[in-house]
Amino acid sequence: MEKNYDVIIVGAGPAGAHCARLLSQQSKLNILVLDRTQEIGEPKKSTAATFESTIKDHNIPSEVIMQKTNEFVIEGPTQEARFSIPGVVLDFHQLKHALIDQAVNNGIDLEIATNVTGPLIENGKVCGVKYHNLEGSGEIRANIIVDASGPEGILARQVGLRKIEAKEHATGMEYELERIDLPEKVMLFRLDQNFAPGGYSWICSLQGHQAKVGNCWYDAYFQSMKGQGSSVAYLHKWMHEDKRLQQTRALEIHAGDAYLTGKLLTRTYPGLICIGDSVCSINPLSGEGIRTGMNSAAFAAEAILNAQGDYSKEKMSAYQKKWNAYAKAWKYSSLMAKVIYQLPNKKLDTLIKVVRQLEVSSMEAIINYRFGIKEMAKLVKPVILNKL
Ligand SMILES: Cc1cc2nc3c(=O)[nH]c(=O)nc-3n(C[C@H](O)[C@H](O)[C@H](O)COP(=O)(O)OP(=O)(O)OC[C@H]3O[C@@H](n4cnc5c(N)ncnc54)[C@H](O)[C@@H]3O)c2cc1C
């Protein structure tokens, strides 16, 4: 590891690895990626369900696809809405590996088992990072630093960019199950306060009779919906009560957390640019963070390349503008999450009846975050006013 780089990227998750890959493909910048994990690809915290556009837009190698799904389903306690919208379930470990392998092949330096402990700040500008690894502690400098450290936001937090509240914290867990019996390959989300109070559960088909099955919720809404007990306990309850899951057996368990906010956080600080979950790029309604994090990485890489070494506030503001335009719907998503995840089961069924009436194109607009207050009202108003 050298002592000076053009770019240091902290974190080799989907956002950091994708940013490294894009910068190394399109420039001769001297790039270092640091990750605290012992093994790239770990932890395998995410279901990694996404849409086909993610694969195409970000040129993701097809080997990381575990399963293609053809039905997008949203179900309530007794109702369901189905759309023929294709999706993909990725191998999260392989995804991170594939992205960082390409960057390494392009010539970046990668150091694992290296925990970044904070920014190195001189004259009000981030000019490097402090780290600790098996060889001890040290400092490395760069012209621009990228925080891609996920929910930890190790640099974003310390320079004051992570102004979020405890109520915006969410937790999730899932099993990879075998012996599941489903008639087709689905990406299915279930809104049911019995199995995921203050959030939702999911089934994402894998090959054969396997699937990723999990739940997640906002801690605050879990409390307001009087949730009691652990994620595992609620998942077991669902597996016990739902016929589709009764014969299943767990092969793997994955878990993680995230901060979800409708606010468009400031993403840059002199010498620092933050991407992915380090600045809450995850959508606050869907919990989708891979496509959104990779988009943030692409916007940041573009700004870094266009800056040609001048990482001034003006040049870096291009990234913030692009993100703000992309994430316009985040504030509505956050409002919808607040309403939907705190609806009683009867109203959740009413919501599903409203959703069922949507054209596929309207559902596609929602999953691509092309919606505003009008579309939101159309969905939620009949539920609140008991119109169905
Ligand atoms: C249970 C669960 C299910 C999910 N399912 C989906 C899904 O189906 N689809 C979807 O799109 N999203 C899903 N998400 C969200 C998605 O996984 C995240 O939004 C996404 O991984 C964010 O990518 P990232 O690169 O920003 O951060 P991360 O994936 O968290 O990567 C951050 C990297 O930084 C490293 N790091 C952290 N701190 C330091 C440090 N101090 N020093 C050095 N390295 C550090 C970590 O080791 C890690 O490699 C899910 C999340 C959870 C928890």
Side-chain angles (χ1 to χ4, degrees), residues 8-20 32-51 53-54 58 60 66 69 87-93 95-97 99-100 110-119 129-133 145-158 169-176 187-189 196 199-204 212-217 231 235 252-260 274-284 286-297 300 367:
I8 294 173
I9 300 175
V10 180
H18 187 48
C19 189
L32 170 67
V33 175
L34 299 168
D35 200 291
R36 68 179 172 194
T37 47
Q38 302 281 346
E39 190 191 332
I40 285 294
E42 293 302 317
K44 221 167 141 182
K45 66 176 178 183
S46 180
T47 308
T50 186
F51 296 99
S53 60
T54 314
H58 296 305
I60 294 176
M66 292 179 90
T69 58
V88 284
V89 187
L90 307 179
D91 183 319
F92 193 56
H93 180 105
L95 168 70
K96 292 189 271 183
H97 236 297
L99 298 177
I100 205 69
L110 170 67
E111 289 288 335
I112 57 169
T114 302
N115 189 32
V116 171
T117 52
V129 296
K130 299 174 193 166
Y131 69 90
H132 185 81
N133 63 15
I145 322 293
V146 180
D147 187 352
S149 63
E152 172 148 354
I154 184 72
L155 305 177
R157 214 184 273 267
Q158 291 189 40
H169 186 253
T171 36
M173 63 90 46
E174 69 166 12
Y175 280 141
E176 252 181 63
M187 188 193 293
L188 177 153
F189 297 94
Y200 61 87
S201 334
W202 64 86
I203 301 177
C204 291
K212 296 185 186 181
V213 177
N215 59 28
C216 67
W217 49 66
S231 305
L235 197 48
E252 284 186 23
I253 181 165
H254 313 141
D257 71 333
Y259 289 89
L260 300 103
C274 305
I275 62 177
D277 280 3
S278 79
V279 274
C280 311
S281 303
I282 196 162
N283 179 270
S286 64
E288 184 191 10
I290 294 177
R291 177 172 53 152
T292 57
M294 289 180 76
N295 280 335
S296 75
I367 63 180

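Values reported hereafter were calculated over all heavy atoms of this structure, with side chains retained and with hydrogens, waters and symmetry mates removed. Here, residue 1 is the first one in the sequence, and each next residue gets the next number. It should be emphasised that the depicted structure is a prediction, and the values quoted were computed from it without experimental measurement. We count ligands from 1, going down the list as the structure has it; atoms in each ligand are counted the same way.
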Does a side-chain heavy-atom distance below 4.5 Å link I112 with E39? no
If we number the atoms of ligand 1 from 1 as shown, the ones under 4.0 Å from a heavy atom of G256 are 53 (C)
Practice prompt. Output yes when the distance from some N or O of ligand 1 to some N or O of N115 is under 3.5 Å, and no in every other case.
Written response: yes
So the atoms of ligand 1 within less than 4.0 Å of a heavy atom of I282 turn out to be 15 (C), 19 (O)
Note: ligand 1 atoms sitting under 4.0 Å from heavy atoms of P151 are 30 (O)
Hits for salt bridge (Lys or Arg N to Asp or Glu O under 4.0 Å) against K44, two or more places apart or cross-chain, chain-then-number order -> E252
task = May I ask whether A48 places a heavy atom under 4.0 Å from ligand 1?
result = yes
Near G287 (heavy-atom distance under 4.0 Å), the atoms of ligand 1 are 12 (N), 13 (C), 14 (N), 15 (C)
The atoms of ligand 1 lying under 4.0 Å from a heavy atom of F92, numbered in the order shown, are 21 (O), 29 (O)
Looking only at protein heavy atoms, what sits closest to atom 17 (O) of ligand 1 is S46 OG, 2.9 Å
Nearest non-hydrogen protein atom to atom 37 (C) of ligand 1, with distance, is S149 O, 3.1 Å
Below 4.5 Å, heavy atoms only, C-beta onward: do Y131 and V10 meet side chain to side chain?
no
Here the gap from I145 atom CD1 to L34 atom CG, rounded to the nearest 0.5 Å, amounts to 9.5 Å
When distances are taken from atom 18 (C) of ligand 1, the protein heavy atom at minimum range is D277 OD2, 3.3 Å
Counting from 1 in the order shown, the ligand 1 atoms closer than 4.0 Å to a non-hydrogen atom of A49 are 7 (C), 8 (O), 9 (N), 10 (C), 11 (O)
Quick note on ligand 1: atoms under 4.0 Å from a heavy atom of T37 include exactly 47 (O)
Atom 30 (O) of ligand 1 sits nearest the protein heavy atom K45 NZ, 2.6 Å
of all protein heavy atoms, closest to atom 29 (O) of ligand 1 is P14 CD, 3.4 Å
Counting both backbone and side chain atoms, is some N or O of V116 under 3.5 Å from an N or O of ligand 1?
yes
If we number the atoms of ligand 1 from 1 as shown, the ones under 4.0 Å from a heavy atom of G276 are 26 (O)
- N/O of P43 under 3.5 Å from N/O of ligand 1, yes or no? no
Does the side chain of K96 reach to within under 4.5 Å of the side chain of P43, using non-hydrogen atoms?
yes
query = What do you reckon, does E288 put a non-hydrogen atom under 4.0 Å from ligand 1?
reply = yes
Exercise. If you measure from each heavy atom of T114 to ligand 1, is any distance below 4.0 Å?
Worked result: yes
Paired with M66, the side-chain contact (heavy atoms from CB on, under 4.5 Å) test is passed by just one of L95, D91, V88, namely D91
heavy-atom search around atom 44 (N) of ligand 1 in the protein gives R36 N, 3.1 Å
dist S149:OG -> I9:CD1 (nearest 0.5 Å) comes out at 12.5 Å
Considering both backbone and side-chain atoms of G172, is one of its nitrogen or oxygen atoms within less than 3.5 Å of a nitrogen or oxygen in ligand 1? no
Rounded to the nearest 0.5 Å, the OG1 atom of T114 sits from the CZ atom of R36 at a distance of 12.0 Å
Nearest non-hydrogen protein atom to atom 49 (O) of ligand 1, with distance, is D35 OD2, 2.6 Å
Distance col, row R291:CZ vs I367:CD1, nearest 0.5 angstrom, shows 6.5 Å
OG of S201 to CD of E174, rounded to nearest 0.5 Å, is 12.0 Å
Checklist entry - Ignoring hydrogens and geometry, is there a side-chain-to-backbone donor-acceptor pair from S231 to G172 under 3.5 Å? => result no
Worksheet item: So is C216 in contact with ligand 1, going by heavy-atom distances below 4.0 Å?
Response: no
d(L155 CG, C274 SG) to nearest 0.5 Å is 7.0 Å
| Side chains of K45 and P151: closer than 4.5 Å at any heavy-atom pair? | yes
ring-ring contact (aromatic ring centres under 6.0 Å, His included) filter on H132, not counting sequence neighbours, yields none
**Q.** Check: I60 and M294 side chains under 4.5 Å, non-hydrogen atoms
**A.** yes
Within the 4.0 Å heavy-atom cut-off, what A148 brings close to ligand 1 is backbone
min-distance protein heavy atom vs atom 31 (O) of ligand 1 -> G13 CA, 3.4 Å
